[in-house]
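The structure appears below as structure tokens.
To find a chain, count down the sequence lines: A is the first, B the second, and so on, and within it residues start at 1.
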Protein chains: 2
Amino acid sequence: MTSTIDPHSLLRDYMAQHGLKASRQREIIADVFFTAQGHLTVDELLQRVRKVDARVSQATVYRAMRLLTDCGLAEPRNFSDGQTRYELAHGHEDHHDHLICTRCGQIVEFVDDRIEALQSKVAQSHGFSVTHHKMELYGICATCAKSDGA
Amino acid sequence: MTSTIDPHSLLRDYMAQHGLKASRQREIIADVFFTAQGHLTVDELLQRVRKVDARVSQATVYRAMRLLTDCGLAEPRNFSDGQTRYELAHGHEDHHDHLICTRCGQIVEFVDDRIEALQSKVAQSHGFSVTHHKMELYGICATCAKSDGA
DNA sequence: TTTGATGCAAAGGATTTGCATGAAT
DNA sequence: ATTCATGCAAATCCTTTGCATCAAA
């Protein structure tokens with residue numbers, strides 16, 4: 001049942017249905033984003049995009065990321081620095097949270113069903129029904145912990 | 001062992017130790033903040049402060065909230081709107097997370113030791129040692145759920 | 001008096017937007 | 001030909017800062 005849909009075609013369909021036009025810069029940005037597999041800021045994306053075409057503007061990246069967000073392919077995240085980072089949307093089934101090293105910035109994704117279950121339970125006990133949540137654990141990763149004591 | 005320290009005197013001591021001076025506006029802002037018991041933005045605080053003295057500037061509120069944060073009395077929070085909200089710091093022992101109604105904006109604080117325990121466990125399994133975390137559950141509160149179906 | 005606090009307005013950083021121009025349909 | 005997308009710069013929003021002035025100490 002879980003047919004892996006090509007993000008590119010999903011994007012193409014979305015644009016068709018909304019009367020949007022394709023463009024070279026849009027393709028580059030989408031390509032870079034789909035390939036990058038990270039949690040990139042607009043400026044980080046822009047840097048990579050400009051390696052392909054130096055004339056792409058920042059505004060276009062912002063606009064493209066909004067488009068990718070609107071069609072459900074990208075998800076904006078706000079961690080503890082003022083910048084929005086985008087990650088590939090994995091779909092609701094594949095929700096996950098983040099573990100962030102405050103020393104090196106490394107970001108690890110994780111899911112824990114036991115935590116998710118408890119979250120619903122806690123919310124229920126306050127009369128809430130949860131639609132979504134945000135959980136970030138900040139700490140020191142193994143690598144940094146090692147180089148620390150050295 | 002848990003002697004409840006008056007925030008005002010804590011603030012006074014902090015200022016003394018750091019060679020800072022008292023001021024009328026600082027007192028008003030601290031008063032408003034300690035009384036307000038909420039998760040207020042700078043502008044919300046400013047509004048309330050100006051009911052006491054209309055001439056207080058926004059910059060002063062920003063500066064005062066930084067001071068209160070520095071001396072451990074206030075805690076800045078960033079939820080899913082671009083504005084920083086300040087809440088009374090409860091101290092590390094009394095850490096808590098948030099339940100936020102996406103309809104009416106109501107914010108409920110909660111703690112769940114089972115979740116906290118699992119968080120450490122998950123982090124450990126990835127080699128991380130957690131220093132702090134952020135968890136927000138978004139959903140619909142009981143009141144909004146009722147007025148919904150009506 | 002000396003030093004820190006204030007108010008104002010200017011400056012910052014991140015993101016958005018208006019507009020003339022360029023490209024896709 | 002239309003209509004949307006782009007690039008640029010100006011505009012926003014939130015927050016911080018420089019500076020002359022005011023008020024604690």
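- Taken residue by residue, residues 10-34 of chain B places heavy atoms nearer than 4.0 Å to DNA chain D at B:K21, B:A22.
- Taking every heavy atom of residues 47-56 of chain B and every atom of DNA chain C, pairs under 4.0 Å involve B:R55, B:V56, by number.
- Sorted by first and then second residue, the salt bridge (Lys or Arg N to Asp or Glu O under 4.0 Å) pairs involving residues 13-24 of chain A (not counting sequence neighbours) are A:R24-A:D53.
- With sequence neighbours excluded, no residue forms a side-chain hydrogen bond (donor to acceptor under 3.5 Å, both in side chains) with A:S23.
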Handout entry: Check against salt bridge (charged side-chain N to carboxylate O under 4.0 Å, His left out), A:R114 and A:E116
Key = CA-CA 5 Å; A:R114 298 164 301 175; A:E116 309 268 324; over 6 Å; no
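- Applying the salt bridge (Lys or Arg N to Asp or Glu O under 4.0 Å) rule to pairs touching residues 38-47 of chain A yields A:E44-A:R85, sequence neighbours excluded.
- Close approach of DNA chain C to chain B, defined as any atom under 4.0 Å from a non-hydrogen atom of the protein, starts and stops at C:dT3 to C:dC8.
- Residue B:L137 is found in a hydrophobic cluster whose other members, listed by chain and number, are A:L99, A:V108, A:F110, A:I115, A:L118, A:V122, A:F128, A:V130, A:M135, A:L137, B:L99, B:V108, B:F110, B:I115, B:L118, B:V122, B:F128, B:V130, B:M135; membership requires side-chain heavy atoms under 4.5 Å apart, directly or through intermediates.
- With sequence neighbours excluded, no residue forms a side-chain hydrogen bond (donor to acceptor under 3.5 Å, both in side chains) with A:T102.
- Of the possible donor and acceptor atoms, one in the side chain of A:R50 sits under 3.5 Å from a partner among the backbone N and O of A:V56.
- Listed by chain and number, the residues in a side-chain hydrogen bond (donor to acceptor under 3.5 Å, both in side chains) with B:H132 amount to none (sequence neighbours excluded).
- Shown for residues 58-71 of chain B: residues whose heavy atoms fall under 4.0 angstrom of DNA chain C, namely B:A59, B:T60, B:R63.
- Residue pairs that meet the salt bridge (Lys or Arg N to Asp or Glu O under 4.0 Å) test with at least one member in residues 118-138 of chain B, sequence neighbours left out, are A:K134-B:E136, A:E136-B:K134.
- For residues 41-88 of chain A, every residue pair satisfying the ring-ring contact (aromatic ring centres under 6.0 Å, His included) rule, not counting sequence neighbours, is listed here: A:F79-A:H98.
- Within the nucleic acid shown, B:T41 has no heavy atom closer than 4.0 Å to any nucleic acid atom.
- In this structure, B:M65 and B:F33 have side chains that are in contact, with non-hydrogen atoms separated by less than 4.5 Å.
- Taking 4.5 Å as the limit, some side-chain heavy atom of A:L67 sits within range of a side-chain heavy atom of A:L11.
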